[in-house]
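Report on one structure; see the data block that follows.
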Protein chains: 2
Amino acid sequence: MTQIVDALAALAQETRLKVYRLLVEAGPEGLPAGEIADELELPGATLSFHLAHLARAGLLRGRQKGRYVIYSADFQNMNALVGYLTENCCGGRACAPANPRKGKDHETLSRTRRRA
Amino acid sequence: MTQIVDALAALAQETRLKVYRLLVEAGPEGLPAGEIADELELPGATLSFHLAHLARAGLLRGRQKGRYVIYSADFQNMNALVGYLTENCCGGRACAPANPRKGKDHETLSRTRRRA
DNA sequence: TCCACATTTCCAGAATAGTCGAAATGAAGG
DNA sequence: CCTTCATTTCGACTATTCTGGAAATGTGGA
């Protein structure tokens, strides 16, 4: 359970979630740290802190390539996380929706929009 | 995205995750606060703090029943959360596993199963 | 070797989160 | 009303997280 909590905590921060999403978009090839920093306009030290956090949680891996460090998402562990949530937190109800096709940016939580 | 981060943050804490799981187990009828406190051996003030946190994040609802307050999981929003993760954080790969049938307690994150 | 550059570590300050006893709130029932 | 009991709010403290400048580390190229 500690692993689950760590993974959730890693994603539970705006900057880190952005970093992670960027790397998901980038796919298995990943991105060098500097490019992430550029894209998200983050100071090196700050980015490094968050990358380390995500990596500790098992959601990211970094490999050295020349003088760059290339980070890429660990889809296995994200898979496991979603699996855990589905099995333990959804009470058996249908959890992952049909997911017809990746529709670019999705909009946040529930459609309990109109009131409730 | 703020909503997603809030929901993740709410679950990213051992005590709160336990509370939430307990309520998932309890199903839509939910549980009175006191019973949760008993079950998890938490001081009232501490539990109240965490329940409020989860409720603010939209993962819980509380309804008054006599002098009890009955809390229950909001499956819609958890659904939406899992949906978000599946669509935005899994790179299109299969994310929610087959989920053959709820197998009681599942065991944490990947063991880096030989590949995939 | 020496320099340029990418990234990380170190540090310290500001902000936020978690804990829980004690007091306050609010409902039920005499 | 007055008491009981479930729950929440208050308050105070400790611990952790986030941030980013400056220095350190490490790599490739001239």
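Protein chains get the first letters and strands the later ones, always in sequence-line order, with residue 1 at the start of each. Given the structure is predicted, the values throughout are model-derived calculations rather than measurements. Quick note: numbers below take in every heavy atom, side chains included, and nothing from hydrogens, waters or symmetry partners.
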Write down the distance between [atom1] ([X]) and [atom2] ([N]), rounded to a whole number of angstrom.
{"X": "Leu54(A)", "N": "dC18(D)", "atom1": "CG", "atom2": "C1'", "result": "14 Å"}
{"X": "His53(A)", "N": "dC18(D)", "atom1": "NE2", "atom2": "C1'", "result": "10 Å"}
{"X": "Asp38(B)", "N": "dC5(D)", "atom1": "CG", "atom2": "P", "result": "15 Å"}
{"X": "Leu31(B)", "N": "dA6(D)", "atom1": "CG", "atom2": "P", "result": "15 Å"}
{"X": "Asp6(A)", "N": "dT16(D)", "atom1": "CG", "atom2": "C1'", "result": "13 Å"}

With a 4.5 Å limit on heavy-atom distance, are the side chains of [X] and [Y] in contact?
{"X": "Leu59(B)", "Y": "Tyr20(B)", "result": "yes"}
{"X": "Leu8(A)", "Y": "Ile4(A)", "result": "yes"}
{"X": "Tyr84(A)", "Y": "Met1(A)", "result": "yes"}
{"X": "Leu54(A)", "Y": "Leu11(A)", "result": "yes"}
{"X": "Tyr68(B)", "Y": "Glu35(B)", "result": "no"}
{"X": "Ile70(A)", "Y": "Leu31(A)", "result": "no"}

Give me the first and last nucleotide of DNA chain C, going 5' to 3', that has any atom under 4.0 Å from a heavy atom of chain A.
dA4(C) to dT9(C)

Same apolar cluster (I L V M F W Y, side chains within < 4.5 Å links), Phe49(B)/Leu47(B):
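No; tracing contacts between hydrophobic side chains, which count when under 4.5 Å, never links both residues.
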
Within residues 59-71 of chain A, residues whose heavy atoms come under 4.0 Å of DNA chain D:
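Per residue number, the list reads Gln64(A), Gly66(A), Arg67(A).
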
Strand-adjacent residues in residues 41-48 of chain A, judged by heavy atoms under 4.0 Å from DNA chain D:
Pro43(A), Ala45(A), Thr46(A)

Salt-bridge contact Lys18(A)-Glu14(A) (side-chain N to carboxylate O under 4.0 Å):
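Salt bridge present between Lys18(A) and Glu14(A).
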
Enumerate the residues from residues 8-19 of chain B whose closest heavy atom to DNA chain C is under 4.0 Å, giving them by residue number; use none for an empty result.
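Listed by number, they are Gln13(B), Arg16(B).
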
Could you give the distance from CG (Leu17(A)) to CG (Leu22(A)), rounded to the nearest 0.5 Å?
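Going from CG on Leu17(A) over to CG on Leu22(A), the span is 11.0 Å.
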
Between the two ends of the helix from dT1(C)-dA30(D) to dG30(C)-dC1(D), what is the bend in degrees, rounded to 10 degrees, where each end axis spans five pairs?
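The helix from dT1(C)-dA30(D) to dG30(C)-dC1(D) shows an end-to-end axis angle of 20°.
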
Just jot down the side chain to side chain donor-acceptor pair (under 3.5 Å) partners of His53(B), sequence neighbours excluded, or say none.
none

